[in-house]
Amino acid sequence: DTPGKHLEKIEDLSPNMIVQGYVKNVTSKGCFIMLSRKLDAKVLLSNLSDGYVESPEKEFPIGKLVAGRVLSVEPLSKRVEVTLKTSDSRTASQSEINNLSNLHVGDIVIGQIKRVESYGLFITIENTNLVGLCHVSELSEDHVDNIETIYRAGEKVKVKILKVDKEKRRISLGMKSSYFKNDADNLQMSSEEESDEAIEEVGSYNRSSLLENSSVAVQDMDMESEDGGSLVLAQIESRASVPPLEVNLDDEQPDMDNGISQNQGHTDEAKTIDEKNNRHAKKKEKEEREQEIRAAEERLLEKDAPRTPDEFERLVRSSPNSSFVWIKYMAFMLSMADVEKARSIAERALQTINIREENEKLNIWVAYFNLENEYGNPPEEAVVKVFQRALQYCDPKKVHLALLGLYERTEQNKLADELLYKMIKKFKHSCKVWLRRVQRLLKQQQEGVQAVVQRALLSLPRHKHIKFISQTAILEFKNGVADRGRSMFEGILSEYPKRTDLWSIYLDQEIRLGDVDLIRGLFERAISLSLPPKKMKFLFKKYLEYEKSVGEEERIEYVKQKAMEYVESTLA
């Protein structure tokens, strides 16, 4: 059906009228077509084609001649909506109803992802015009943080029909692996459910069916624990490899932070978990991007390493905000025994690097500290002068920590103690500063750790007490007396017995020391607590993983039996 009438006015249009036009503009939401010199029409993305349109810009380039049917005309606002679909809406609606009646709850079907949203996937069921929603909670057994990175529009997926609402014409779909596993296992067994559902969703299942499947739950938990593994963030490479300009701001602090942060996923409030996951993802993305930039710069230097000042000048002009390149330039001049030139390069770098690049500027200041510490006259006064200047441009606490790291690396213990004493007065609300003080006392095997801990607890805000005590206990386990670390953990666990993250940290430290009887006793205490099913599941899994690492089959079966008893007692 091709139109033969030339259109000049909007009054010439009517619904269901066949029209032709040229594509005028294309966006991700649809396109606009030009019906005549004075008339334009809008075509939504869902009306571009009967099938899935992966790239509107490619399939509907500007200037393409298309034919469609008028859906609506608004003469007052001069808006016209057109569909390019070839199927009639009435017959499509009727066929959709017929197809809907052919779908049944529990059917396994193939579909194609039509659209990806933050809350789930819209999936077109194969050989039909029906679209169902697979909510984000039905995508996987585990929590899915970012759907867009896993699924893309146009991919084919296998789904299970969970619900069909014929009145509202809505279809709910699921993609959890357990749905398809249960479907296959039904050929051999009448019913079988996984342990995650047995422990986490006690209230939503029939009591008798859970008792029957408790043994299966423990077996599934056994399989799940073998696949578990924690991803370790890649370390960002050093910004300069030539001593004494090596930049190292964190020293051993990240090692302590990992102990408290690795179990943040077990807090009670779901909203807090999501916020922490988002911050963690953004931080990880930023670190990965920085690592890629550093790696590219190092490959460039290794491939064609500058050998003259002119070559370095070209390099810093091409990457003016890279502290890595500037520090390499400074090291090159020091290798040529030109200390004054290295100082002038440091000054140029501080003036050139963008003010928003705080970390890059801080790296230059730290390299400057190292330079003056090695070649200053006298070194102590030269370093202090640079330090006073750095305080005016960078975060004071970061600058103090950087200088403290320099003193500790060069074993200037007297200067390090004096600086740390000033830092405790200046940053008395900082948990990191107090932890550096405790760490230094333990490394030097000095007395007075308990006094410092008491002073810190009086100075720090109350919401930082748990973090400080737990990290101090970790330091005691690593560098001090393990019994003092145990007493600290026992103290905070007596006050917060339901904090599984604290239990996990405590257990990790004991596992590192390797006292089997003490570790098993601690696990027994943990699993005897009255905690929510989700937290108990975490503790049982950790216990099972430990016994597997020891390798005693009797103990492994013992832990499984304990888990079964917990499930039965919960439902009793």
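Heavy atoms only: backbone and side chains are in, while hydrogens, waters and symmetry mates are out. Residues take their numbers from the sequence shown, with the count starting at 1.
Within 6.0 Å of atom NZ in Lys42, 12 or fewer heavy atoms from other residues, nucleotides or ligands are found, so the atom counts as exposed in its surroundings. In the displayed structure, Glu11 atom CD is contacted under 6.0 Å by more than 12 heavy atoms of other residues, nucleotides or ligands. Within a 6.0 Å sphere centred on CD of Glu155, heavy atoms belonging to other residues, nucleotides or ligands number more than 12. Heavy atoms of other residues, nucleotides or ligands lying less than 6.0 angstrom from CZ of Arg79 number 12 at most.
When every heavy atom of Gly491 is checked against every heavy atom of Ser494, the shortest pair comes out as O-OG, 2.6 Å. When all heavy atoms of Asn47 and Val43 are compared, the pair lying nearest together is O-CG1, 3.8 Å. Listed here is the closest heavy atom pair of Arg520 and Val550: NH2-CG1, 3.9 Å. Shortest non-hydrogen contact noted between Ala41 and Leu35 is CB-CD1, 4.0 Å. Between Leu493 and Leu502, the shortest heavy-atom distance links the atoms CD2-CB, 3.7 Å. Across all non-hydrogen atoms, the minimal contact from Ser46 to Lys85 is O-CE, 2.8 Å.
Annotation: side chain of Leu522 is not in contact with side chain of Phe489 (no heavy-atom distance under 4.5 Å). Between Leu539 and Leu531, some side-chain heavy-atom pair lies under the 4.5 Å cut-off. Within the 4.5 Å cutoff, no side-chain heavy atoms of Lys163 are placed close to those of Ile171. Contact check for Lys562 versus Glu565: side-chain heavy atoms found under the 4.5 Å cut-off. Within the 4.5 Å cutoff, no side-chain heavy atoms of His104 are placed close to those of Ile161. With contacts defined as side-chain heavy-atom distances shorter than 4.5 Å, the pair Leu173/Leu133 does not qualify. Looking only at side-chain heavy atoms (C-beta outward), Phe32 and Val23 stay at 4.5 Å or farther from each other. Val80 places a side-chain heavy atom less than 4.5 Å from the side chain of Leu13.
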> Is there a side chain to side chain contact (heavy atoms under 4.5 Å, CB included) between Ser14 and Val73 once you walk through the steps?
Replying inline: CA-CA 7 Å; Ser14 60; Val73 181; 5.8 Å; no
> Can you list the steps and then say if Arg486 with Glu476 is a salt bridge (Lys or Arg N to Asp or Glu O under 4.0 Å)?
Replying inline: CA-CA 9 Å; Arg486 291 189 185 100; Glu476 288 282 9; over 6 Å; no
> Yes or no on side chain to side chain contact (heavy atoms under 4.5 Å, CB included) for Asp501 and Tyr506, after CA distance, side-chain angles and deciding distance?
Replying inline: CA-CA 9 Å; Asp501 55 336; Tyr506 190 7; over 6 Å; no
> Going through the distances and angles, do Met564 and Gln561 end up as a side chain to side chain contact (heavy atoms under 4.5 Å, CB included)?
Replying inline: CA-CA 5 Å; Met564 291 173 62; Gln561 183 63 32; 4.2 Å; yes
>> side chain to side chain contact (heavy atoms under 4.5 Å, CB included), that's the test. Do Glu81 and Val70 meet it? Break it down for me.
In response: CA-CA 6 Å; Glu81 186 174 346; Val70 178; over 6 Å; no
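Taking 4.0 Å as the cut-off between side-chain N and carboxylate O, Asp508 and Lys542 count as a salt-bridged pair. No salt bridge links Lys160 with Glu138; every basic N to acidic carboxylate O contact stays at or beyond 4.0 Å. Checked for salt-bridge contact, Glu126 and Lys156 meet the test: a charged N lies under 4.0 Å from a carboxylate O. Arg115 and Glu117 are joined by a salt bridge, as a carboxylate oxygen and a charged side-chain nitrogen come within less than 4.0 angstrom of each other. Between Glu495 and Arg462 there is a salt bridge, since a side-chain N of the basic residue sits under 4.0 Å from a carboxylate O of the acidic one.
Using cut-offs of 30° and 60° for the angle between ring planes, the Phe540 and Tyr566 rings count as tilted.
Looking at Tyr543 and Arg555, their side chains do bring a donor and an acceptor atom within 3.5 Å of each other. In this model, no donor atom of one side chain and acceptor atom of the other lie less than 3.5 Å apart for Tyr558 and Glu552.
In this structure, Lys64 satisfies the cation-pi test against Phe60, with its NZ or CZ atom closer than 6.0 Å to the six-membered ring centre and inside 45 degrees of the ring normal.
Atom CG of residue Leu48 and atom OG1 of residue Thr83 lie 8.5 Å apart, to the nearest 0.5 angstrom. To the nearest 0.5 Å, atoms CD1 (Ile123) and CG (Leu130) are separated by 13.0 Å. The line from CZ of Phe477 to CD1 of Ile505 is 11.5 Å long, rounded to the nearest 0.5 Å. Rounding to the nearest 0.5 angstrom, the gap separating the CD1 atom in Ile113 from the CE atom in Met175 is 6.0 Å. In this structure, CD on Glu59 lies 7.0 Å from OG on Ser49, to the nearest 0.5 angstrom. In this structure, CD1 on Ile147 lies 10.0 Å from OH on Tyr119, to the nearest 0.5 angstrom.
Panel note: side chain Trp503, backbone Phe523; no donor-acceptor pair is recorded below 3.5 Å. Checked by atom type and distance alone, the side chain of Lys114 never pairs as donor or acceptor with a backbone atom of Gly132 at under 3.5 Å. Not a single donor-acceptor pair under 3.5 Å links the side chain of Ser504 to the backbone N or O of Thr500. A donor-acceptor pair under 3.5 Å is formed between the side chain of Ser36 and the backbone N or O of Leu39. The backbone N or O of Ser178 sits less than 3.5 Å from a side-chain atom of Glu141, completing a donor-acceptor pair. The closest donor-acceptor contact from the side chain of Lys158 to the backbone of Ile108 lies at 3.5 Å or more, if one exists at all.
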